[in-house]
Amino acid sequence: MTNPDTLPDIPARHERILVLDFGSQVTQLIARRLRESGVYCEIWPFNAAPEARIRAFDPKGIILSGGPASVTEGASPRAPDYVFESGLPVLGICYGQQTLAHQLGGVVEGGHAREFGRAFIDVTGDCAITQGVWAKGAREQVWMSHGDRITQLPPGFRVVAASEGAPFALIANDERHYYGTMFHPEVVHTPHGAALLKNFTHLVCGCRGDWTMGAFRAEMIAKIRAQVGQGRVICGLSGGVDSSVAAVLLHEAIGDQLTCIYVDHGLMRAKESEQVVATFRDRFNIKLVHRDASELFLGQLSGATDPEIKRKTIGRLFIEVFEEEQNKVGGADFLAQGTLYPDVIESVSATGGPSVTIKSHHNVGGLPEGMRMKLVEPLRELFKDEVRVLGRELGIPEEIVGRHPFPGPGLAIRIPGEVTREKADLLRQVDVVYLEEIRNAGLYDAIWQAFAVLLPVRTVGVMGDGRTYDMACALRAVTSTDGMTADVYPFTMEFLSRVSNRIVNEVRGINRVTYDITSKPPGTIEWE
Ligand code: XMP
């Protein structure tokens, strides 16, 4: 849930680049690469960039993203005229290059060989974008994804790199500071892409790279103070990265005006609740309400087996308990949330129509609809890994900052069928062994999420001379960049055997271990 009234101001002092989005799947990566080189940027839909808004944003340059449309179709998207009237440097990527060429008097045609994936181009010239990165005469790897291509350059442009399939792979109009790439410099499969983008922002646009986490921290503290004044702020703490970093940042800004509420539903992993209390109350001296509501949650979950009913029950109780605790501390004027930039980027729909997508995160930390507090969202300009950098800067322990994501409903969605305290305890023990082995093998940071699932079956086994009839568990480990898609982590058999042996030997009640080898799609990461 977001409230545009409480959007922090656009950072006042940073140089910035505007990225106009034409709907490419990888537009966010342009922003990521720019931020990595210390340049603040924002992504706006191409059709939400009127002259007044661009002027107010005052960018030092504009990047036109790729997109699924074809310039050859009449109704396809165009960059606002002001982009080319402003005198600002422009870089067009893929569709962005084609619309740039079309709008400046060149010709774009469809029907040529489609090129997808890795390709090699010959650098036939040089320009500011290639300076110090690509030498004239070299052959360089890039990543292509296009069907149309330019067949005639607009006036003032020349070719800097070409391949058979892409005769206008990189084009430049040095005088007007316009550049276009048919390939995608923002993806890692274009190995020097980040350096090419940096040349655009630093050499062409003149950015110095003044976006640092230290600067962000100082500015955001000032902004929080200005927004909150003498008001009181409540922050729901989950023990996850985002709410933890938001809480510590807020505390640094407003001290005891902040109260954190940690609703413990009894479905956390082993020792997690103790860790939250030790970190935030004892180490950071943050006013923290720790409500152990495990009896209530587990009681109400009793008998529920349908995943959606389980989720809804937990969500409803979470809000009830949160409100109760909030009333006990006398309410507040503001509610803090750890909303991140990917949740608020306005997105372009596939048809090019204007649409604002705000991820409907099925998070238990969701806000009660009727809550009439204003929002403070100090992380809404940051990507997840920037939040981690900020967390480290704030001195938050690595166990929290580098932690795998954990779902709001906790272990409940890792126990298919009815949830009981006994099952949750069993699962916690399995999880501890599994994650300990992952950490010992040095694999924790290479994995997006790793966890165990308690299967609702009992199977026969043999231990020593005796027959066992115990529960089975599944282990899950995936790699991912955003949780939307995921690949199975390829553990060695040796590793899996070691974990399996330890679990069966050390966790009484489990006699069988399986490894889930389903990617997403078609599976989901969690089992429910
Ligand atoms: P799925 O299972 O949908 O998970 O592939 C994708 C990511 O979302 C997390 N997840 C949740 N997070 N509340 C949350 O806060 C939920 O109800 C929930 N369900 C899934 C999951 O852990 C993974 O990172």
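For ligands, and for the atoms within them, numbers begin at 1 and follow the listed sequence. None of these values were measured; they are calculated from a predicted model.
Here's the thing with Phe406: none of its N/O atoms is less than 3.5 angstrom from an N/O atom of ligand 1. Not a single N or O atom of Pro409, backbone or side chain, sits closer than 3.5 Å to an N or O atom of ligand 1.
Within ligand 1, counting atoms from 1 as listed, the ones closer than 4.0 Å to a heavy atom of Thr524 are 1 (P), 2 (O), 5 (O). Residue Gly408 approaches ligand 1 through these ligand atoms, each under 4.0 Å from one of its heavy atoms: 12 (N), 13 (N), 14 (C), 15 (O). Less than 4.0 angstrom separates some heavy atom of Gly483 from each of these atoms of ligand 1: 6 (C). Applying the 4.0 Å criterion to heavy atoms of Arg311 picks out, from ligand 1, the atoms 16 (C), 17 (O), 18 (C), 19 (N), 20 (C).
Using cut-offs of 30° and 60° for the angle between ring planes, the Tyr40 and Phe57 rings count as tilted. The aromatic rings of Phe216 and Trp211 lie perpendicular to each other, with more than 60° between the two planes, well past the 30° mark. Ring geometry for Phe495 versus Tyr434: interplanar angle of 30 to 60°, hence tilted.
Contact annotation: for Met484 versus ligand 1, there are no heavy atoms closer than 4.0 Å.
A salt bridge does not link Arg428 to Asp431: none of the charged nitrogens lies less than 4.0 Å from a carboxylate oxygen. In this structure, Glu399 does not pair ionically with Lys271, as no charged nitrogen and carboxylate oxygen lie closer than 4.0 Å.
Considering only non-hydrogen atoms, atom 3 (O) of ligand 1 lies nearest to Lys520 out of His404, Glu526, Lys520.
Under the salt bridge (charged side-chain N to carboxylate O under 4.0 Å, His left out) rule, Glu528 has a single partner from Arg311, Lys310, Arg414, which is Lys310.
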